[in-house]
> 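Structure below; questions to follow.
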Amino acid sequence: MGGTGVPLVKKPNVTPKAVIHEKFGGKASYTIEEVHEAAPNGCPGLAIPQKGPCLYRCHLQLPDFSVISETFRKKKDAEQCAAQMAVQKLGVYPSANSPTTEDASNELVSRIEYLFSDEFLTSESPLGGHFRAALRRNDNLCGAVPVSVFAVYDGKINSLWKVIDPKVEINHCSALSFILRAAVRSPSLVQEGSLLVRRKSPYPSELVDSVLMDQSSDRETAFVNALYIPCDLRDDVKEVTLSICPSRYYLDIVAEKLGQTDASKVLISRPIGKASSEIRLHFSASHDYLAESLVSTPKNGDLVEGPVNVRASFLASQEVYGAAVLASIGYKWKSKDLFFEDVSMQSYYRMLIGKIPSGAYKVSREAIFGAELPTSFTTKNNWRGSFPREMLSSFCRQHRLSEPVFKMSRLPLKENTDAGSQKQLKVTKSALEVEHTNGDTNVVDNDTIGDSESLFRCEVKVSSRLLDLLIQCSPKELYKKHSDGFQDSSLKVLSFLNAYLLGKDMSEEKFNSLAEALDIQFEYPNLLKEFKFSPSVNRDWKVRFEGGTIPNIGDSTKGNGDSAIHIEGPESGVFPSSGCLASTKYTVCLVSVDKSINELLESVDEFEFEMGSGAIIPHAEAALSQMYVDQSARFSVNLPGPELLMAAARDPKRVFPLINSGTCLYLEFCLSLLGVTEPLEERMEQAFFNPPLSKQRVEYAVQHIRDSGATSLVDFGCGSGSLLDSLLNFSTSLRRIAGVDISLKGLARAAKILHTKLNKSIDADSPCSSIESAILYDGSITEFDSRLQGFDIGTCLEVIEHMEEDQATSFGNIVLKSFCPKILIISTPNYEYNVILQKSNLPDQEDDPDEKACRFRNHDHKFEWTREQFSSWAFQLANSHDYTVEFSGVGGSGDCEPGFASQIAVFRRKPAQNSNGLDSHNQELVHCPYNTIWEWSAVIPPDHETLSSLYRHRDGIVDLSDEARTGT
Ligand code: SAH
Ligand code: MG
């Protein structure tokens, strides 16, 4: 705090602990925790167990929140650290006897006097620049500094206000009256006009000379682009040029643009946009702001009073009156010269949409038209763009809210390995609750992160600057990694805020149901107050970010409001499935129906995102789900809001008249699928095993099929048909194959692939020419369908872990009791093997310290079992249904720890029960809940000599029972 020579309010060695005691007394409770592992600072989770000295960490619990200190050798230091963190969080002034308003007011007077001291004239702070520039002002303005700049550029004055009146935080400009009153109280200063202060005695002339000499007045006039934001919403924002003449004070130049006589009538907003931004709004001083100061200085003749400028106020999250000039200009630390930069129309629109979470995501991904704020956070590995937690934090900063406060609870879990138990994870009790805000260094319990015995629950609160609660999100989910908890709860809050700010036909009722879905509670009145300038509240101002319904445009062939998607290119066979990373490129053009207008708006060379998480606009996702790698698609969507168009336009000046021309326009997308990265599970399997694990599973199944001489096979949970497809590359005795899945997308892929392959297979030398029929069903394998009863062999590869455990068990019972295949092969990951998979240096896997042993291989997995869990599950099934079971696996070895990577159980029906069981079932009802999705059959002609030339296939639904023709 030093450096200025001004002592702050009496600061006699007041410790943070004393401050906390002063405020809370016995309500503050300190708990000391011993820490045996020295976690290197800043590397949570990378703690290497070492026998170091015992360290201490302090938990400080206050009535409304708690903090955790870093680790220290002395308990005392840990306590002070915790207290210091609490003091910072409270924003209290560090004085034992809380400073009175009186103290702070006196302090304010001396601070302002100091700013007018000789010493300060050479200050390297941005404010120093204003004092020096003021010396160049003409005549009676020479040396006079507008009060508004103190308010904006002096941090110390800011902290004093907090003591005098915390509300100043909200109405920044009302602070001006405090400065004015302080100036009036100072014997060495004069207050001139309403918002101008200067010294009574002039600066020493040598000092003035040296200061003026120092500044490079030989520079030429610069022309800086700024934007004029009229107050009336019917008037457009327009570009203006500031002619920055080095011999003049820049704020006087800005004042002229606002129709004011000089800088004293200009107020300055907080910086807008990015944290490092120097872009501010400049606007006329309003009567309202100064009401208080006018009591003592009744000179209101030349003050301007105006209505609220909604656009500007929304941008700055503070009230702005009358017209405003948005400019990037000002003095910077340690620089003698004035800094300035052009502000373009496009940056204005980007700032505007950046105030809304989905807009901010679009801007940060440099994909205005393609990107959408994803609806879910699956894993850190798959997330692209700024992380939700950072986004929420910057949202709060931009909207002048308090930092979001996270509360992480750690729940130890016990693994229950009881045979037949349906519940694997048992949460015992809440152990440790920790609260921290963004940016703090006290990450939850560094030394226990990665402890596979823990799950995390994360809660987040967003409050106004004055700590009125706005939103609280308490997800029910438990996270294996604490960082996922932060991100997921942040994303939920962002999604809610997004919906709120866009306010698309949202009644309070709709908000309630949205909030419920997102585990959110909100304070409606506080939200209304806090976002009063948001577009949803100011209905006049329509900021819409959604591409609405599709217009009835030229190439729209269906009448249902969706434009047709035209896909071109070869079918490479590689396609994106949910959970994989798709890499795309696209262009978007603004097109008129008659094509006379065709303006390129955005062109993105590489845009990568996770399929199925809503990270891309729905039309693009719909197109991609039908595409193969190397294909491109063309489709059209309705025009989004003008802000989005202007934010993306390469040349906003050309686009603006087009969208205002009344011509019927739409957007035309041209999208290409460049590549697909499989979900982590597949990537791991492929990087680690040669041949890849999936291939080894297929080969394992093929071996069993061959050995058994099976003629019919059903693949339970066939997905996109990888097993059935690969099977066709081998020659087996199979004649009938069938697949069941609940994923229509997967089934559609499977049908496409099998169709092509089987039609080619009619060549007698094709390995799979034995196949006579193939069929795919849409249905849940937890339900029995009599058409798949009594097949020779059933496979169910890597499926059960995608179901809840009780579902997996009911599948096991149904398949063995009712479907009763002679052989059933079930594979599932071996949880114990994960340690090895995760130790590897996989390509593409980020250096994530939280990526510890406890995670599953795929975010869709509901469980992963140890060998013991799997075998007890399987044994129990086999015993209940007269099957034998044997265990095996692929990847790694069964003979050494930790066993195979994929564990496999092979069930065989005991011969004695064979016919009886089947007969009794055959008498059972015919039950056909599955839907046939696709069917193929090779029909054998009566003389079956020309097998290869005579075949037919049908896409229609065919009864499997017409397989009376068994030829070969
Ligand atoms: N067996 C395939 C796919 C494994 S992915 C392979 O090895 O490549 C898991 C599949 O199980 C998914 O396609 C999913 O849709 C399917 N699935 C999950 N629950 C199901 C259920 N109850 N009934 C049918 N299929 C299910
Ligand atoms: Mg799986």
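In each ligand, atom 1 is the first atom listed, and ligand 1 is the first ligand listed.
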> Any idea which atoms of ligand 1 are less than 4.0 Å away from a heavy-atom of Gly719?
13 (O)
> Should the pair Trp865 and Trp873 be assigned to parallel (<30°), tilted (30 to 60°) or perpendicular (>60°) ring geometry?
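Correct class here is tilted.
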> Between Phe607 and Phe609, does the ring centre distance come in under 6.0 Å?
yes
> Answer with yes or no whether the side chains of Tyr777 and Asn931 bring together a donor and an acceptor at under 3.5 Å.
no
> Do Ile781 and ligand 1 have an N or O pair less than 3.5 Å apart?
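Such a contact does occur with ligand 1.
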> With a 4.0 Å cut-off on heavy atoms, does Ser827 reach ligand 1?
no
> Determine whether the aromatic ring centres of Phe784 and Phe819 lie less than 6.0 Å apart.
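Yes.
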> If you measure only the distance, is there a donor-acceptor pair under 3.5 Å linking the side chains of Asn813 and His881?
yes
> Could you verify whether a donor N or O on one side chain and an acceptor N or O on the other, from Ser888 and Tyr700, lie under 3.5 Å apart?
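There is such a pair between these side chains.
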> Quick check on the 6.0 Å ring-centre criterion: do Phe716 and Phe811 meet it?
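Yes - the distance between ring centres of Phe716 and Phe811 falls below the 6.0 Å cut-off.
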> Distance under 4.0 Å to a non-hydrogen atom of Met803: what atoms of ligand 1 satisfy this?
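Matching atoms, with element in brackets: 19 (N), 22 (N).
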> Under a 3.5 Å cutoff, is there a donor and acceptor pairing between the side chains of Glu801 and Thr828?
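The criterion, which ignores hydrogens and geometry beyond distance, is satisfied for Thr828 and Glu801.
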> Based purely on interatomic distance, does Asp715 place a nitrogen or oxygen under 3.5 Å from a nitrogen or oxygen of ligand 1?
no
> Who's closest to atom 7 (O) of ligand 1 heavy-atom-wise, of Thr795, Leu797, Val740?
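Checking each option, the heavy atom nearest atom 7 (O) of ligand 1 is found in Leu797.
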> Numbering the atoms of ligand 1 from 1, which are under 4.0 Å from a heavy atom of Gly779?
23 (N), 24 (C)
> Using heavy-atom distances, let me know which of Ser578, Ser810, Ser902, Gly717 sits nearest atom 2 (C) of ligand 1.
Gly717
> Taking heavy atoms and a distance under 4.0 Å, where does Ser722 meet ligand 1: side chain, backbone, both or neither?
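Contact part for Ser722 vs ligand 1: side chain (C-beta onward).
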> If you count the atoms of ligand 1 from 1 in the order shown, which ones are under 4.0 Å from a heavy atom of Glu798?
4 (C), 5 (S), 9 (C)
> Just checking, any donor-acceptor pair under 3.5 angstrom between side chains of Trp934 and His755?
yes
> Which of the atoms in ligand 1, numbered in the order shown and given with their element, are less than 4.0 Å from a heavy-atom of His802?
5 (S), 9 (C)
> If we only consider heavy atoms of Ile742, is any one of them less than 4.0 Å away from an atom in ligand 1?
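Within the 4.0 Å threshold, so yes.
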> Compare Val698, Asp778, Asp741 and give the one whose heavy atom is closest to atom 16 (C) of ligand 1.
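Minimum heavy-atom distance to atom 16 (C) of ligand 1 goes to Asp741.
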